[in-house]
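Below you'll find the structure, written out as structure tokens, and then a few comments.
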There are 2 protein chains.
Amino acid sequence: MLKTAIEMDRAAMILRLLGDKTRLTMVKILDSHDCCVCEFVEIFKVSQPSISQHLRKLKDVGLVKEERRGQWIFYSVNKSNEYYPFVSQILSQLPDQDDKLNELEKQGTRITCC
Amino acid sequence: MLKTAIEMDRAAMILRLLGDKTRLTMVKILDSHDCCVCEFVEIFKVSQPSISQHLRKLKDVGLVKEERRGQWIFYSVNKSNEYYPFVSQILSQLPDQDDKLNELEKQGTRITCC
DNA sequence: TTATTATATAATGATTTGCTTATATATACA
DNA sequence: TGTATATATAAGCAAATCATTATATAATAA
């Protein structure tokens, strides 16, 4: 077994985490753009606590990190996380989600503070 | 968006399917060796219906196929399935599980009919 | 200071999941 | 043919999941 291979139980845990359409799309978006909670609320049309809970799960395994900027808390992918190489390979096979952020731009609800 | 990219909801569905340690290990094993139900029962130490139910889920999305050989039903990965390229890339990042089958050989519980 | 905005957490409930045991079906063997 | 073996399906149950509403906390604006 390669030293670099992810363990099966860790891999299953990560796949289960990504096996939710909302979280998977979040991570795909965050892989190329920082976003704050309210942007995700707008994109996914679910309640703010629901978004916060998804982000919490991603943060709990260290896959995303948060950073306060004024009134907002921005999330980004933690590319130095041990699971990132595994996740990154998966994300690379997914269609880019730029249309979601472009939609926010058009609506004027994209947050571009700081 | 690339024509070849898997849709987000399909991707999430596949990841959720693989996001179970038993199923993930099954698919990893099946990717290189056909196996029958009773071998998985031996490997995973869970009930036979539990194994059958996992295989059913994998079969329902077309990721594995079955073939009767005498008294046994052998399962294998359906490499022509539309999701196989996506899955294959994930499997390639996992440690090989040959030790599981080697263990069966040692115990003499490997099925090598037909 | 008070009101507003952004976010997190707690509590709750419906649905899904993954196991179990019991049972049905199909093949193989004596 | 009758019995054993391999597998599938059904039913039941505990735990996990994902949403919601209510509430708490922190920063900003008036």
Side-chain angles (χ1 to χ4, degrees), chain A residues 8-9 12-27 30 34-61 63-76 104 107-114, chain B residues 8-9 12-27 30 34-61 63-76 104 107-114:
Chain A
M8 294 301 282
D9 53 354
M13 179 270 289
I14 293 294
L15 294 173
R16 190 165 49 248
L17 189 68
L18 298 180
D20 174 275
K21 193 183 175 184
T22 302
R23 281 193 299 269
L24 185 63
T25 308
M26 278 178 160
V27 175
L30 290 175
D34 294 4
C35 282
C36 68
V37 176
C38 59
E39 291 175 312
F40 284 132
V41 170
E42 195 61 37
I43 289 172
F44 295 109
K45 308 293 185 199
V46 293
S47 67
Q48 172 268 315
S50 180
I51 295 296
S52 282
Q53 286 157 14
H54 282 304
L55 288 167
R56 179 64 134 81
K57 290 182 184 186
L58 293 170
K59 205 181 61 174
D60 280 349
V61 306
L63 215 53
V64 305
K65 53 190 180 184
E66 61 179 35
E67 179 202 342
R68 182 174 280 279
R69 293 187 207 157
Q71 154 178 44
W72 297 282
I73 294 178
F74 275 74
Y75 282 83
S76 57
L104 294 191
Q107 288 178 222
T109 49
R110 184 85 212 275
I111 308 293
T112 46
C113 86
C114 314
Chain B
M8 294 302 280
D9 52 354
M13 180 270 288
I14 293 294
L15 295 173
R16 189 165 49 247
L17 189 69
L18 298 180
D20 174 273
K21 193 185 176 184
T22 301
R23 281 193 300 269
L24 184 63
T25 308
M26 277 177 162
V27 174
L30 289 175
D34 295 4
C35 281
C36 67
V37 177
C38 60
E39 291 176 312
F40 285 133
V41 171
E42 194 61 38
I43 290 171
F44 294 111
K45 308 293 183 196
V46 294
S47 68
Q48 171 267 314
S50 181
I51 295 297
S52 282
Q53 286 156 15
H54 283 303
L55 288 167
R56 180 63 135 80
K57 290 183 184 186
L58 294 170
K59 205 182 59 174
D60 280 350
V61 307
L63 214 55
V64 306
K65 53 189 179 185
E66 60 179 35
E67 179 200 340
R68 181 174 281 277
R69 293 187 207 159
Q71 158 178 41
W72 297 281
I73 294 178
F74 276 73
Y75 282 83
S76 58
L104 294 191
Q107 287 178 221
T109 49
R110 185 82 213 275
I111 307 292
T112 46
C113 87
C114 316

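Every heavy atom of this structure was used, including side-chain atoms; hydrogens, water molecules and symmetry mates were not. Numbered from 1 within each chain, the chains take letters A, B, ... in sequence-line order. Please read these numbers as outputs of a predicted model, since none were measured by experiment.
Between the side chain of A/Arg23 and the backbone N or O of A/Leu58, no donor-acceptor pair lies under 3.5 Å. At least one donor-acceptor pair closer than 3.5 Å links the side chain of B/Glu39 to the backbone N or O of B/Cys36.
To the nearest 0.5 Å, atom CG of residue A/Leu18 and atom OG1 of residue A/Thr25 are 10.5 Å apart. For the atom pair OG1 (A/Thr22) and CG (A/Leu55), the distance works out to 10.5 Å, reported to the nearest 0.5 Å.
In this structure, A/Glu42 places its CD atom 15 Å from P of C/dT5, rounding to the nearest Å. Atom CH2 in A/Trp72 sits about 9 Å away from atom P in D/dT28, given to the nearest Å. One interatomic measurement links the two molecules: CD1 of A/Ile51 to P of D/dT20, which rounds to 9 Å at whole-angstrom precision. Atom pair B/Arg56:CZ and C/dT17:C1' shows a separation of 16 Å (rounding to whole Å applied). In this structure, CZ of A/Arg110 is placed 16 Å from C1' of C/dA6, rounded to the nearest angstrom. Rounded to whole angstrom, the span from the CG atom of A/Asp60 across to the C1' atom of D/dT17 amounts to 15 Å. What separates CD of A/Glu67 from C1' of C/dA6 is a distance of 16 Å, to the nearest Å. Following rounding to the nearest Å, A/Lys21 (NZ) and D/dT17 (C1') show an atom-to-atom distance of 18 Å.
Among the heavy atoms of the strands lying under 4.0 Å from A/Tyr75 are primed sugar atoms or P, OP1, OP2 only; no base atom is included. Counting non-hydrogen atoms under 4.0 angstrom, A/Lys57 reaches the backbone sugars and phosphates but no base.
When the nearest nucleotides of DNA chain C are assigned to A/Ser52 and A/Arg16 by heavy-atom distance, the more 5′-ward of the two goes with A/Ser52.
For A/Tyr75, there are no ring pair (Phe, Tyr, Trp, His ring centres under 6.0 Å) partners, not counting sequence neighbours.
With contacts defined as side-chain heavy-atom distances shorter than 4.5 Å, the pair A/Cys38/A/Gln48 does not qualify.
For the pair B/Glu67 and B/Arg69, the salt-bridge criterion is met [side-chain N within less than 4.0 Å of a carboxylate O].
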Return a single string for nucleotides 19-30 of chain C, one symbol per nucleotide in 5' to 3' order, where B is base contact, S is sugar-phosphate-only contact and - is none, cutoff 4.0 angstrom on heavy atoms. BBBB----SS--
